[in-house]
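In what follows, chains are A, B, ... by sequence order, proteins preceding strands, each numbered from 1. Here the structure is a predicted model, which means the values were calculated and not measured.
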2 protein chains.
Amino acid sequence: MAAPQDDVDDIQKAWIRERPGTPVDSIGVITRIWRISKLLEDDRRRTMTRLGVDAAARHLLATLRRAGPPYALPPGEIARRCAVSPGAISQQLSRAEEQGLVRRHKAEGDGRSVVVELTPSGHDLIEHTVDELLSHEETLLSSLTPNQRTQLSDLLRVLLADLNARTPQS
Amino acid sequence: MAAPQDDVDDIQKAWIRERPGTPVDSIGVITRIWRISKLLEDDRRRTMTRLGVDAAARHLLATLRRAGPPYALPPGEIARRCAVSPGAISQQLSRAEEQGLVRRHKAEGDGRSVVVELTPSGHDLIEHTVDELLSHEETLLSSLTPNQRTQLSDLLRVLLADLNARTPQS
DNA sequence: TGGTGATAGTTTAGCTCTAAAGTAGAAAGT
DNA sequence: ACTTTCTACTTTAGAGCTAAACTATCACCA
């Protein structure tokens, strides 16, 4: 269980061998986070393709579903919650609207604002995929004990909070 | 320092509120890894843009540089080490070659194979950016104590090894 | 009331990626 | 030897994202 040396350790050792003095300390955390992130993303993409949705649309629908009744949010808020650019959300909304999963309409009161709401079809779709997706992803963490998962969550929470604070604004 | 509740905790609570029984256990790890990964990637993209290189080219050059003399690898091996598709590497190579950072030539012995080597200009470029980039990224982890970083690295190493083993093949 | 600047969304340009098709050389089986 | 299969790489089609330009509306205030 102790996990022997891996490719990432090799990268650190390679830099030290090639350029003694290279500041390699961050690699053990940052590179591993990227790799894990990529493996999880690829897995999620495959899972969602299998379930017949695309990953970005799922994220969108899940965000609206999670917001609770009336399952409606403005695009800017969705962008913020999904951590992607407003332009990306606008494009995602157009695609999802075309598939009949969401509907856009002008907000009352402010002529600039828009409200996006889940259609019954979009609600159904997320309802039928969320449990399957999350159950599957739980098995992906089965190499860690419950205690280790909590430890990991806690460390990541600290790091994420700091990075968020440090970020230009995004 | 204990890190209070964050957005990700809110996501878990929202699912539980909206759909009691939703299997939310994986969210604390997976969602945080994605968010951190994204923040780090965005930061790296900005840093590299500031230094006048693009992030993918930097990864390419770093991979060749780290391989040690003669700073040459076949495209397939680069793709494997950078964990992207062979097609992506082929395109990156074309761009980098156009900028004079690498050179492709046929391998001797096997007419299908290609060897990519760092040009002096590519070698210089990576040499002048790697320390700056890595030093900067070290500061991004300054919210964690050295001990916490080690803990985090170790947990991630276990998870990464398991996910690699579990992966279809890729 | 009319200008200045902020805010909400959308659109566009440019880039990069993946997946899949295409090209060409090497290996292997009969 | 010749066909099949495999392997290495490239190219193409299609998609998504970011950054930045653009449109429209609102808010403030002289």
Side-chain angles (χ1 to χ4, degrees), chain A residues 34 37-39 41-50 53-60 72-99 102-117 167-170, chain B residues 34 37-50 53-60 72-99 102-116 167-170:
Chain A
W34 277 333
S37 176
K38 185 167 195 314
L39 289 173
E41 267 168 28
D42 289 350
D43 183 272
R44 180 170 275 195
R45 188 180 23 257
R46 279 193 297 269
T47 303
M48 293 315 297
T49 299
R50 186 166 52 74
V53 208
D54 79 281
R58 192 216 63 90
H59 198 175
L60 187 69
L73 292 170
E77 179 61 20
I78 298 175
R80 205 187 57 72
R81 297 196 189 189
C82 292
V84 295
S85 64
I89 286 298
S90 186
Q91 295 173 59
Q92 285 181 27
L93 288 174
S94 299
R95 294 193 290 272
E97 201 167 23
E98 204 152 317
Q99 297 176 269
V102 301
R103 197 162 32 231
R104 274 190 273 211
H105 51 78
K106 291 202 179 352
E108 26 198 310
D110 187 336
R112 295 167 299 180
S113 298
V114 168
V115 171
V116 183
E117 70 179 2
T167 272
Q169 65 278 8
S170 172
Chain B
W34 276 334
S37 176
K38 184 166 195 317
L39 289 173
L40 293 172
E41 265 169 28
D42 289 351
D43 182 272
R44 182 172 275 196
R45 188 185 16 263
R46 279 192 297 268
T47 303
M48 293 316 295
T49 299
R50 185 167 50 77
V53 207
D54 77 281
R58 193 217 62 91
H59 198 176
L60 186 70
L73 291 171
E77 178 61 20
I78 298 175
R80 205 187 56 72
R81 297 195 188 189
C82 293
V84 295
S85 64
I89 288 297
S90 187
Q91 294 175 63
Q92 285 181 28
L93 289 174
S94 300
R95 292 193 290 272
E97 200 167 24
E98 204 151 316
Q99 298 176 268
V102 302
R103 197 159 34 227
R104 274 190 275 212
H105 50 76
K106 289 198 177 357
E108 25 199 309
D110 186 335
R112 295 166 299 181
S113 299
V114 168
V115 171
V116 182
T167 272
Q169 64 279 9
S170 175

Checklist line | Listed nucleotide nearest any side-chain atom of A:Leu93, set D:dT10, C:dT10, C:dC17 | finding: C:dT10
Checklist line | Value in whole Å for how far the P atom of C:dA19 lies from CG of A:Asp54 | finding: 14 Å
Note to self: salt bridge (Lys or Arg N to Asp or Glu O under 4.0 Å) for A:Glu41 and A:Arg45? Distances and angles first, verdict last.
What the structure shows: CA-CA 6 Å; A:Glu41 267 168 28; A:Arg45 188 180 23 257; 5.6 Å; no
Note to self: If you assign each of B:Ala83 and B:Gly111 to its closest nucleotide in DNA chain C, which residue comes earlier from the 5' end?
What the structure shows: B:Ala83
Item checked: Rounded distance (Å) that lies between atom P of C:dT16 and atom NE2 of B:His59 -> 15 Å
Check: Closer to the 5' end of DNA chain D via nearest nucleotide, is it B:Ala88 or A:Gln91?
Finding: B:Ala88
Notebook entry, point to check: Taking OP1 and OP2 of C:dC17, is either one under 4.0 Å from a side-chain nitrogen or oxygen of B:Arg95?
Noted result: yes
Note to self: Whole angstroms only, please: what is the CZ-P distance between A:Arg80 and C:dA8?
What the structure shows: 12 Å
Note to self: On DNA chain D, does the nearest nucleotide to B:Ile89 precede the nearest nucleotide to A:Ala56 from the 5' side, or the other way round? Give the residue.
What the structure shows: B:Ile89
Next item on the list: Find the distance A:His105:NE2 to C:dG9:P and express it as a whole number of Å.
Entry: 12 Å
Notebook entry, point to check: Given atom CD of B:Gln99 and atom P of C:dC15, what is their separation to the nearest angstrom?
Noted result: 11 Å
Item checked: Nucleotide D:dG16, atom P - distance to CG of A:Leu60 in whole Å -> 12 Å
Notebook entry, point to check: So, do A:Ser90 and A:Arg104 sit near enough that their side-chain heavy atoms are less than 4.5 Å apart?
Noted result: yes
Notebook entry, point to check: Can you name the closest pair of heavy atoms from A:Lys38 and B:Ala83 and give their distance?
Noted result: CE-O, 2.8 Å
Check: Can you tell if the side chain of A:Leu73 reaches within under 4.5 Å of the side chain of A:Arg81, non-hydrogen atoms only?
Finding: yes
Check: Which comes earlier along DNA chain C counting from the 5' end, the contact point of A:Ser94 or that of A:Arg45, where each point is its nearest nucleotide?
Finding: A:Ser94
Checklist line | Euclidean distance, atom CD of residue B:Glu98 to atom C1' of C:dC15 [Å, nearest integer] | finding: 14 Å
Next item on the list: Classify every nucleotide of nucleotides 2-8 of chain D by which part a protein heavy atom approaches to under 4.0 Å, writing B for the base, S for the sugar-phosphate alone and - for neither, in 5'-to-3' order.
Entry: -----BS
Item checked: Any B:Arg104 side-chain nitrogen or oxygen under 4.0 Å from OP1 or OP2 of D:dT10 -> yes
Check: Rounding to a whole Å, what distance do you find between B:Lys38:NZ and D:dG16:P?
Finding: 16 Å
Checklist line | D:dT18 base / B:Glu41 side chain donor-acceptor hit below 3.5 Å | finding: no
Next item on the list: Would you mind classifying the nucleic acid contact of A:Gln92 as base, sugar-phosphate or nothing, using non-hydrogen atoms under 4.0 angstrom?
Entry: sugar-phosphate
Check: At what distance, to the nearest 0.5 angstrom, does CG of A:Leu60 lie from CZ of A:Arg95?
Finding: 9.5 Å
Check: Any Lys/Arg nitrogen of A:Arg80 or A:Glu77 sitting under 4.0 Å from an Asp/Glu carboxylate oxygen of the other?
Finding: yes
Check: Can you name the nearest heavy-atom pair linking A:Glu117 to A:Ala72, along with the distance?
Finding: CB-CB, 3.9 Å
Check: NA contact type, A:Lys106, heavy-atom cut-off 4.0 Å: base, sugar-phosphate, or nothing?
Finding: nothing
Check: OG/A:Ser37 to CZ/A:Arg44 distance, rounded to the nearest 0.5 angstrom?
Finding: 10.5 Å
